[in-house]
There are 2 protein chains.
Amino acid sequence: MEDLKKSMQPASSNIIESRIIQAVLSEEISPGERLGEKDLGEIFGVSRTLVREAMMRLSSRGIVAVSPRRGWFVIEPTVEEARETIEARRSVEIGLLMNQKIISVDMIKQLEAHVLEQQRAIDENDLGRRSYLLGHFHVQLAAALGNSILANILEELTTRIVLIAALYQSKADAQQSCDNHRRLVNALRVNKVEEAIKIMDAHLTYLDKALNTRLRKHELSGKLSN
Amino acid sequence: MEDLKKSMQPASSNIIESRIIQAVLSEEISPGERLGEKDLGEIFGVSRTLVREAMMRLSSRGIVAVSPRRGWFVIEPTVEEARETIEARRSVEIGLLMNQKIISVDMIKQLEAHVLEQQRAIDENDLGRRSYLLGHFHVQLAAALGNSILANILEELTTRIVLIAALYQSKADAQQSCDNHRRLVNALRVNKVEEAIKIMDAHLTYLDKALNTRLRKHELSGKLSN
DNA sequence: GTATTCTATCTGGTATACAAGATCCGCCGA
DNA sequence: TCGGCGGATCTTGTATACCAGATAGAATAC
């Protein structure tokens, strides 16, 4: 959490907010981590007022929550919330693809470039960047499909997914995600919407299954330790 | 705006936030309306601090926006944003219906009761309540389909739709909306998902068309007045 | 009479002050 | 040695103070 700050100027509350989202996406901060107003204020060189503004917005997006007089904490979704988040994302992404207009050549190129970046991060073993890019791809996709509102919603949902993955999932296969993204872009380029939807659906089902597996493990270890 | 307050106790920022959403849904406050921190503070009996917290969250949900040193204003979506909002809602609602699990009898009953309430508000000509219930039905629907996260997202989107309708749409036919809701619930009860999706899609297309019509009027009057 | 500039006032932007609950740690007693 | 009690300390909750930008209106210049 000490490395959140990047520039030397005092930051606005918007900057704080997006830095924290970015930090979650890059797995720099983990579910359950405490984010003290005082600490953050010192890190970003501002008073608690601006920190609180950022936290307020982050809490309204379901990224952090406050425990009265104890502090702000990055949320730790319960299994139920995790399921709902995955289902919500499935609804949004499938709906997004189904309502797809024709996607421009430029956009396809941009998405392909993004996938290449992902591959590079994987090859260079840049873990934070890798996590960030793999999540951010879906935001990019929504933006490419021409809807900034859905892009916003997906940013919220993918951020939560990263938290969920950190909690319940065995390390996701980054390479497989990246491959899926590549196949998705390919399908979109030749306008095979059906296939794109299938890929997306499979991707999310995979996520959900991983969640189930991990959950069963939790239950098991719970029983063993009692 | 003077009637926002309901209870006599000083309100928390959460209460302020939900009261304002409710007020927008009931068309008590209109797009473009100014919401001064000082005024709201006096209305709710709290300092500007709490008002600001509420505004911060509302702005993160795209309901209000701040104009620096001038004040907070209920957003007036541009035509482009209106389109994106309608499309976003289409994606979310269709995705929601497609991923539907079996819906319980209790939930169907609850939705039917909600529709009856809508009808009553229409019959009694209770305009605010009518607007509120017609919008809130979709939130209820998402909740009934078991996803509180999507319900939250839909609350945000329907609130914006009310603002859009106030700006661009000729008075929507409330009776028709209510009838659509009834048909939707009927389709869900006998598990005709396909039909439910069709009804929903038509509903939103109708919205979008109304937007187009009104837009052409705008353009026309713009040309005439220049 | 009109346009312009200046100033009084109002608004949000940010920091700080102070209140009150939560926590931690040392002390005391059994 | 262990458990409960009490206060010191730390944290957020809320109000307030003060600053600076925006606005409106009066006074002024033309």
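Below, chain A is the first sequence line, B the second, and so on; all start at residue 1.
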In this structure, how many angstroms lie between the [atom2] atom of [N] and the [atom1] atom of [X], rounded?
X       : N      : atom1 : atom2 : value
B:Lys38 : D:dA15 : NZ    : C1'   : 15 Å
A:Glu37 : C:dT14 : CD    : P     : 16 Å
A:Leu35 : D:dC10 : CG    : C1'   : 17 Å
A:Trp72 : C:dA22 : CH2   : P     : 16 Å
B:Ile16 : D:dT14 : CD1   : P     : 10 Å
A:Met56 : D:dT12 : CE    : P     : 12 Å

So does A:Thr49 get a backbone contact from the side chain of A:Ser47, meaning a donor-acceptor N/O pair under 3.5 Å? yes
Nearest to the side chain of B:Ser47, which nucleotide is it out of D:dT12, C:dA15, D:dT14?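 Minimum distance to the B:Ser47 side chain belongs to D:dT14.
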B:Gln118 versus B:His114, side-chain donor and acceptor atoms under 3.5 Å: yes
Is there side-chain contact between A:Glu84 and B:Ser148, with heavy atoms separated by less than 4.5 Å? yes
Matching residue for B:Leu35 among B:Leu40, B:Leu58, B:Ile43 - test: side chain to side chain contact (heavy atoms under 4.5 Å, CB included): B:Leu40
I want to check one thing: is the phosphate of [N], taken as OP1 and OP2, less than 4.0 Å away from some side-chain N or O of [X]?
X       : N      : result
B:Arg34 : C:dG12 : yes
A:Thr49 : C:dT14 : no
B:Arg69 : C:dT9  : no
A:Arg70 : C:dT23 : yes

Taking the nucleotide of DNA chain C with the closest heavy atom to each, which residue, A:Arg48 or B:Ser67, is nearer the 5' end? B:Ser67
